K.L.:
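Input: one structure, supplied below.
Counting starts at 1 for both ligands and their atoms, in listed order. What you see is a predicted model, and the numbers here were worked out from it, not measured in a lab.
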Amino acid sequence: MEAQQKGRGDAVVLAHYYTEGAVQAMADYVGDSYYLAKVAAQADKGTIVFCGVRFMGESAKILNPARRVLLPDELADCPMAHMADIARIRALRAQVPDLAVVCYINSTAQLKAECDVCVTSSNAVRIVSSLPNQNILFIPDENLGRFVQAQVPGKRFYFSGGYCPVHAQLLAEDVEREKLARPNAPVLAHPECRADLLALADFVGSTSEIIAYAEKSGAAEFILCTEPGVLWELSRRCPGKHFVPVTPVCADMKRITPEKVEACLAGGGYEVQLDAALMDAARRPLERMLELAR
Ligand code: 13P
Ligand code: SF4
C-alpha cells in the first residue's frame, strides 16, 4: 500500500492488489479500491495509468477529470459493476420514503449517477452507519450489502441481487474442507463472499484489511478467501507465513499485463472518456464517500 515513486515523468501508475504480481511490482501505488480512489483524486501527474478494471479507471477520471486516465486493457471490466437496474432504482426512490441509494464502487458511472453515496468494502459499514436514512438500497453487491446490514441494525435494506462471480463461486463446504486439513489456520474472507462462508471466517475485511490482519496475526498459516492476487503483497509483508488461497482468479484483473502497462507508458492504452454531465452526476456520491470515510 506504499508509494514507490518510479520517476516516470508525467505519469503515475496505480495497481489493485488483484492484478498479477509483476504488474504490482511496476506500480507507484498499490492498494485496495478505497486507497486507490483517494490516490487518484489527488494525483498531480498529467496521466494516471490505472491497472485494474474499468470502474476503477472511471472513478479516477470522475474524481480527477483534468487528468488523462489510461486503462492497459479496454476489456478488463467487472461483471458485477453492471448488476443493477436504473429503472428499479428510480421506481424504489418513488415508492420508499427516506431512501438512501448506496452504491458499491464496483459499479458503472451510469449507476453511480443514480446514487446518493458510494462505498468500498473497507468503509461500507462506517458510511452506511453514518447515514440518517432509515431505508437503504444497496447496489450492486448483495453479499457485501447483507454483511453491512448485519452490522447496522435498525435500518431496512433493499438489494439488487448483484454478486462478484469470483467470490460468490466459493462455497462454505470448500472452506470447511480446508479447515479440516488445517484446523489452526485462521480463515480470512472478503465480504464479497457468500454469507454462509463469512460465518466460518475468523476475519472479514477488504483486501488491505486482510493483508494488515495477516501481518499482525501470530498465526503461521491462513486460509485465504479472496482473489489470490493479494499473495504478492502478503509474501512481501508476511515473510515465513503460509497462505492457502481457495478463491479462483479474477480473469478481468488478470487481463492487465506488464507489457500492456509498458504500452500505456509509451503512449498507448485505452483512454477513459465520459460525458461531462455523467461525470458531474457520478462525482457527487464518490466525493461524499471520500468525505464520510475520512
Ligand atoms: P477492495 O479493493 O475494496 O478490497 O475490493 C476488492 C474488489 O473486488 C475490487 O474489485
Ligand atoms: Fe469484479 Fe469480483 Fe473481479 Fe473484483 S474480483 S473485479 S468484484 S469480478
K.L.:
Would you mind running through ligand 2 and noting each atom that sits below 4.0 Å from a heavy atom of E192?
P.N.:
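The list of qualifying atoms is 2 (Fe), 7 (S).
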K.L.:
Looking at H167, is its backbone amide N or carbonyl O close enough to the side chain of E192 to form a donor-acceptor pair, meaning the two atoms are under 3.5 Å apart?
P.N.:
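No, the answer is negative, given that no donor and acceptor are paired below the 3.5 Å cut-off.
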K.L.:
Sub-3.5 Å donor-acceptor pair from the side chain of E227 to the main-chain atoms of C250, do we have one?
P.N.:
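Yes; at least one donor-acceptor contact below 3.5 Å.
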K.L.:
Heavy-atom cut-off of under 4.0 Å around ligand 1: list whichever protein residues fall inside it, by chain and number.
P.N.:
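Its neighbours under 4.0 Å (heavy atoms only) are H16, Y18, D32, S33, F55, M56, Y104, N106, S121, H190, E192, S206, T207, M253, given by chain and number.
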K.L.:
Is K254 salt-bridged to E20, cutoff N-O under 4.0 Å?
P.N.:
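Salt bridge between K254 and E20, a charged N being under 4.0 Å from a carboxylate O: no.
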K.L.:
Taking the six-membered ring of Y34 as reference, does the NZ or CZ atom of K38 fall below 6.0 Å from its centre and within a 45° cone about the axis?
P.N.:
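Yes, a cation-pi geometry.
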K.L.:
Restricting to salt bridge (Lys or Arg N to Asp or Glu O under 4.0 Å), what partner residues turn up for R156, sequence neighbours left out?
P.N.:
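For R156 there are no salt bridge (Lys or Arg N to Asp or Glu O under 4.0 Å) partners, ignoring immediate neighbours.
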K.L.:
About how many Å separate CG of L92 and CG of D85, when rounded to the nearest 0.5 Å?
P.N.:
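Output value for this atom pair is 11.0 Å.
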K.L.:
So that I can tick it off, tell me whether R93 and D116 are bridged by a salt bridge, with the cut-off set at under 4.0 angstrom between side-chain N and carboxylate O.
P.N.:
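A salt bridge is present here (some side-chain N lies under 4.0 Å from a carboxylate O).
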K.L.:
Anything protein N, O or S sitting under 2.8 Å from atom 3 (Fe) of ligand 2: count it and give me the total.
P.N.:
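Number of qualifying protein atoms: 1.
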K.L.:
Quick one: ring-ring contact (aromatic ring centres under 6.0 Å, His included) partners of Y163, sequence neighbours excluded?
P.N.:
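Residues passing ring-ring contact (aromatic ring centres under 6.0 Å, His included) with Y163: none at all.
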K.L.:
Can a salt bridge be assigned to the pair R236 and E233 using a cut-off of 4.0 Å between side-chain N and carboxylate O?
P.N.:
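Salt bridge between R236 and E233, a charged N being under 4.0 Å from a carboxylate O: yes.
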K.L.:
Ignoring hydrogens and geometry, is there a side-chain-to-backbone donor-acceptor pair from D98 to Q134 under 3.5 Å?
P.N.:
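Yes; judged by distance alone, with no hydrogens or angles, the pair exists.
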